[in-house]
Amino acid sequence: MITGIEIVTFKVADLGRACDFYGNKLGLKLAYRDDAAKWAEIDGGALHLGLQQSDEAGGARNPFLSFSADDLDGTVTALRGRGVEFVGDIVSSDVGRTITVKDPDGNQFELFEPGD
């Protein structure tokens with residue numbers, strides 16, 4: 001029986017650069033790194049993000065990923081100060097607010113702040 005999702009993986013061109021982006025710029029915890037295997041895992045709380053160095057990095061081949069964020073405005077301001085690139089602006093809906101982030105390989109993911 002399937003009991004849940006263990007990990008979502010992005011293919012990245014440079015493992016060190018990806019670990020720096022997700023660990024230092026976004027402030028997430030690096031849970032595991034094996035340079036020989038070209039693999040790392042970022043602790044995202046209930047779900048880990050796998051980073052696999054590959055020639056197939058970036059773009060639409062990757063799955064959709066959404067990170068929870070409180071104080072989305074403050075988070076976006078802080079991340080812009082760290083050089084993080086966004087696609088568009090914050091969008092509001094009935095369930096909350098989102099903004100799309102682009103990592104150094106062109107992988108896109110969302111920051112989501114739930115509504116009241």
Side-chain angles (χ1 to χ4, degrees):
M1 270 274 156
I2 296 172
T3 60
I5 297 171
E6 178 67 23
I7 195 164
V8 174
T9 301
F10 277 168
K11 294 179 180 179
V12 299
D14 182 303
L15 187 62
R17 181 179 69 183
C19 287
D20 178 64
F21 177 81
Y22 287 96
N24 294 327
K25 290 195 176 182
L26 294 188
L28 298 169
K29 181 181 174 191
L30 179 66
Y32 176 80
R33 181 171 174 177
D34 183 341
D35 288 327
K38 299 180 181 178
W39 176 261
E41 291 182 22
I42 302 296
D43 184 346
L47 182 70
H48 277 201
L49 171 63
L51 302 172
Q52 180 183 26
Q53 188 167 314
S54 169
D55 293 336
E56 299 175 352
R61 293 177 293 252
N62 287 304
F64 179 78
L65 177 65
S66 180
F67 287 104
S68 298
D70 57 4
D71 181 22
L72 190 59
D73 296 309
T75 299
V76 169
T77 299
L79 294 178
R80 280 195 172 122
R82 296 179 191 166
V84 173
E85 185 177 347
F86 292 88
V87 178
D89 296 313
I90 294 174
V91 176
S92 296
S93 72
D94 291 342
V95 296
R97 300 178 336 130
T98 63
I99 190 165
T100 302
V101 181
K102 184 165 43 169
D103 82 1
D105 288 296
N107 298 307
Q108 293 185 14
F109 58 89
E110 169 186 274
L111 298 180
F112 172 72
E113 177 186 62
D116 295 327

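Nothing here was measured: the structure is a model prediction, and the numbers come from that model.
Considering every non-hydrogen atom in both Asn107 and Val12, the closest pair reads ND2-CG1, 4.1 Å. Between Pro114 and Ala69, the closest heavy-atom pair is CD-O, 4.2 Å. Taking both residues in full, the closest heavy atoms of Ser92 and Arg97 are given as OG-CG, 3.5 Å, listed atom of the first, atom of the second, then distance. Gly106 and Lys102 make their closest contact through CA-CG, 3.6 Å (heavy atoms, listed as atom of the first residue, atom of the second, distance). The minimum heavy-atom distance between Gly96 and Phe112, with the atom names listed, is CA-CE1, 4.0 Å.
Heavy-atom neighbours of Asp34 CG from other residues, nucleotides or ligands within 6.0 Å: above the threshold of 12. Around CG of Asp70, the count of heavy atoms belonging to other residues, nucleotides or ligands within 6.0 Å does not exceed 12.
At least one side-chain heavy atom of Asp43 sits less than 4.5 Å from a side-chain heavy atom of His48. Using a 4.5 Å heavy-atom threshold, the side chains of Asp73 and Glu113 count as separate. Within the 4.5 Å cutoff, side-chain heavy atoms of Ile42 are placed close to those of Leu30. Leu51 places a side-chain heavy atom less than 4.5 Å from the side chain of Cys19. In this structure, the side chains of Arg17 and Asp20 stay at 4.5 Å or more apart for every pair of heavy atoms.
How far OG1 of Thr9 is from CD of Glu41: 8.0 Å, rounded to the nearest 0.5 Å. From Gln108, atom CD reaches atom OG1 of Thr100 across 6.0 Å, with rounding to the nearest 0.5 Å. Between atom CZ of residue Arg82 and atom OG1 of residue Thr77 there is a gap of 11.5 Å, rounded to the nearest 0.5 Å.
Gln53 places a side-chain N or O within donor-acceptor distance of the main-chain N or O of Leu15, the cut-off being under 3.5 Å.
Checking Ile90, Leu26, Ile99 one by one against Leu111, the side chain to side chain contact (heavy atoms under 4.5 Å, CB included) holds for a single residue, Ile99.
Remark: Asp105 does not engage Lys11 in a salt bridge, criterion side-chain N to carboxylate O under 4.0 Å.
Ring centroids of Phe10 and Phe21 are separated by 6.0 Å or more, keeping the two rings apart.
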Q) Passes side chain to side chain contact (heavy atoms under 4.5 Å, CB included), Val101 versus Phe67? Steps please. A) CA-CA 10 Å; Val101 181; Phe67 287 104; over 6 Å; no
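Using cut-offs of 30° and 60° on the angle between ring planes, the pair Tyr22 and Phe109 is tilted.
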